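Here's the structure we're looking at; comments come further down.
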Amino acid sequence: MRRETLITLTLLALLLGAAVYGHRGNEPFIITLAAKAAIFAIAGAGLNLALGYGGLVSFGHAAFFGIGGYAAGIIASAARNYEPVMTWPIEIAGSTSMPVIWIVAIIAAMIIAIPIGIFSLRTGGVYFIMITLAFAQMLYYFAVSWPAYGGEDGLSFYVRNSVFGLNMMDPWTYFTVCFGVLAVVLALMAVLVRSRFGLALEMARQNAQRLTASGIRPFNVRLTAFVISAMITGLAGALYADLNRFVSPAMLSWHTSGEIMVFVILGGVARLGGPVAGACLYLLLEQTLDGVTDYWQVLLGIVLLLVVLFARGGLVGLLAGRRAAHD
Amino acid sequence: MTDPALEVTNLSKSFGALAACRNVSLDLMPGEIHALIGPNGAGKTTLVKTIAGEIAHDSGHIRFGGELIDDLDAAARAQLGLARTFQISSLAMEMSVLKNVMLAVMAVSGQVFRFFKPVNGDDALLGPARACLENAGLRKRAQTRAAELSHGERRQLEIALALAMKPKVFLMDEPMAGMGPESLARLSGLLRELKQTAPVLLIEHDMDVVFSVADRISVLVYGEVIATGTVDEIRANPDVQAAYLGDAA
């Protein structure tokens, strides 16, 4: 087994271990924190496909995270009020079934990501960063000003949605669901980057000129990666909304985009386990440093600076050495 | 008479006031190496880029196998079978030599959007890729990262990548640039083999190489083709001697 795979599995084991510790010690706070880490890791894994493997520095993934969250919130609250989500052009009923909500969140993220991708992928570098940011901010202000779903105040939906008749209000059950989704997402990523598509995406990042000369349009490859990336982050958004039983425009704001980016960079860009390491480290820093000072993000900034300056491969890079996805 | 594999007629391209190509016409017949020579700044690379579809030409036509390809982008032209190599090696430096070639094989297959099967065990890619490396003399370097190759080996890899595309026409932009005498001789031999599979439009600076491998030569000066002919005809042409050989010698 390769070292990086081993590190990814170890990270997952540590996350699981933390939750088990919380479960046995009857500390729901720790379990919920672990669930949050798993969800953030899923969001980061989504971004990692675009940012890491595709070299597409999206500063607008909050759009997809938030869309996933709102999809969950809107469908769930409609079901509780016994109202349809919409009646035109097609009638969509509310639902509290998690798989249904997940699918809707993924599809919603896809529908939003396609036009955003088509526009922003015509640019590159700094312009790409700014355009993705602009699209996400547009959605943020739309959510703030649209009163139907709570506007600025956000939307609460009181009871967690269910899957397979499990009691989702139990933190341990909810953690296992999030952890399971994370494992599936990471497995999917591992397969994806090793596939033909993964090879084309790697070439699009390393040398788009060569990809074109070979007869493959980089735009098509990048758009596909961007949309898949958005769908995964959208799924994380749905889980996050469910975790909090609340969704607000904050999920769409650029702070969220920045946070998801921090998970990836802290943990390791284009590393399978990177987002897991990043999300865990981020939450760990938040929990420990928050007790020391209210301005814990200053310290986070210093850590981030050190990672960018001295450990370009992030935490996973530090442990596993140079990456080897397509050697 | 057979139809040309590639035909450029009255092609012009200007950058502002600078006319990089003026009414360029040339053709590439099956089975030949047609060399395009010219002093620095003659517009050779611009011509390659317009033929490859990387930059749009202002006027004129490009026919590939008899079909107009003026409106096709670079990727579409590559899919038709126009394989170009770059003057400055254009490779994925962090990938292994083998993976670089596998990508080219995959591009020809047209089956890029496959998300699940790992490429590492994909014999449909591995087989042809290994064969191309063998032909280009890079078999032993398959697992090396492209960044660790010597300059000459990178040029060989460029050719392996073109081979992998099973092209109908090779478009080679100074493949010999910066090579030592030994690799030059090997590459000249390789070029003579290549023309059996598909004709080569060879853009080259090195006169000795051109005269030793080319079947026909066109001379480009200030964006215009001033002469086309066999090696002996070009050697004897007074305009060419004045414009090019005189400077070089």
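A note on names: the letters A, B, ... follow the listed sequences, proteins ahead of strands, and every chain is numbered from 1. Nothing here was measured: the structure is a model prediction, and the numbers come from that model.
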CE (B/Met106) and CG (A/Leu199) are apart, to the nearest 0.5 Å, by 4.5 Å
Please rank B/Ala107, B/Pro118, B/Ala92, B/Ser90 by heavy-atom pairs under 4.5 Å with chain A and give me the top one. B/Ser90
Given the options B/Gln79, B/Glu54, B/Arg77, B/Met102, which has more heavy-atom pairs under 4.5 Å with chain A than any of the others? B/Gln79
Note, B/Asn100 side chain near A/Met203 side chain (heavy atom, < 4.5 Å): yes
Sort out for me which residue in B/Asp122, B/Val112, B/Leu103 forms a side chain to side chain contact (heavy atoms under 4.5 Å, CB included) with A/Arg196. B/Asp122
Just wondering, do A/Ile216 and B/Phe113 contact through their side chains at under 4.5 Å, heavy atoms? no
Interface check, chain A: of B/Arg114, B/Arg84, B/Met93, most non-hydrogen pairs under 4.5 Å belong to B/Arg114
Heavy-atom nearest pair, A/Gln206 first then B/Met95, reads OE1-N, 3.7 Å
Can you say whether B/Ala74 sits under 4.5 Å from chain A via the side chain, the backbone, both, or neither, judging by heavy atoms? both
Stepwise side chain to side chain contact (heavy atoms under 4.5 Å, CB included) check, A/Arg194 with B/Val119: CA-CA 6 Å; A/Arg194 283 166 181 76; B/Val119 287; 5.6 Å; no
Count the heavy atoms belonging to other residues, nucleotides or ligands that lie under 6.0 Å from CD1 of B/Ile88, then report whether that count exceeds 12. no
Please state whether the side chain, the backbone, both or neither of B/Ala83 comes within less than 4.5 Å of a heavy atom of chain A. neither
To check you understand the geometry: which heavy-atom pair defines the closest contact between A/Ala213 and B/Ala78, and what is its length? O-CB, 3.2 Å
Just how far is it from atom CD of B/Gln111 to atom CZ of A/Phe197, taken to the nearest 0.5 Å? 15.5 Å
Answer with side chain, backbone, both or neither: which region of B/Leu161 has an atom nearer than 4.5 Å to a non-hydrogen atom of chain A? side chain
Tell me, for A/Thr212 versus chain B, whether the close heavy atoms (under 4.5 Å) come from the side chain, the backbone, both or neither. both
Side chain, backbone, both or neither of B/Ser109 within contact of chain A (heavy atoms, under 4.5 Å): side chain
Using side-chain heavy atoms (C-beta onward) and a distance below 4.5 Å, is A/Val191 in contact with B/Phe115? no
Could you give the distance from OG (A/Ser195) to NZ (B/Lys117), rounded to the nearest 0.5 Å? 11.5 Å
If the threshold is 4.0 Å, N to carboxylate O, is there a salt bridge linking B/Glu158 and A/Arg210? yes
Could you tell me whether B/Lys49 atom NZ has more than 12 heavy atoms of other residues or ligands within 6.0 Å of it? no
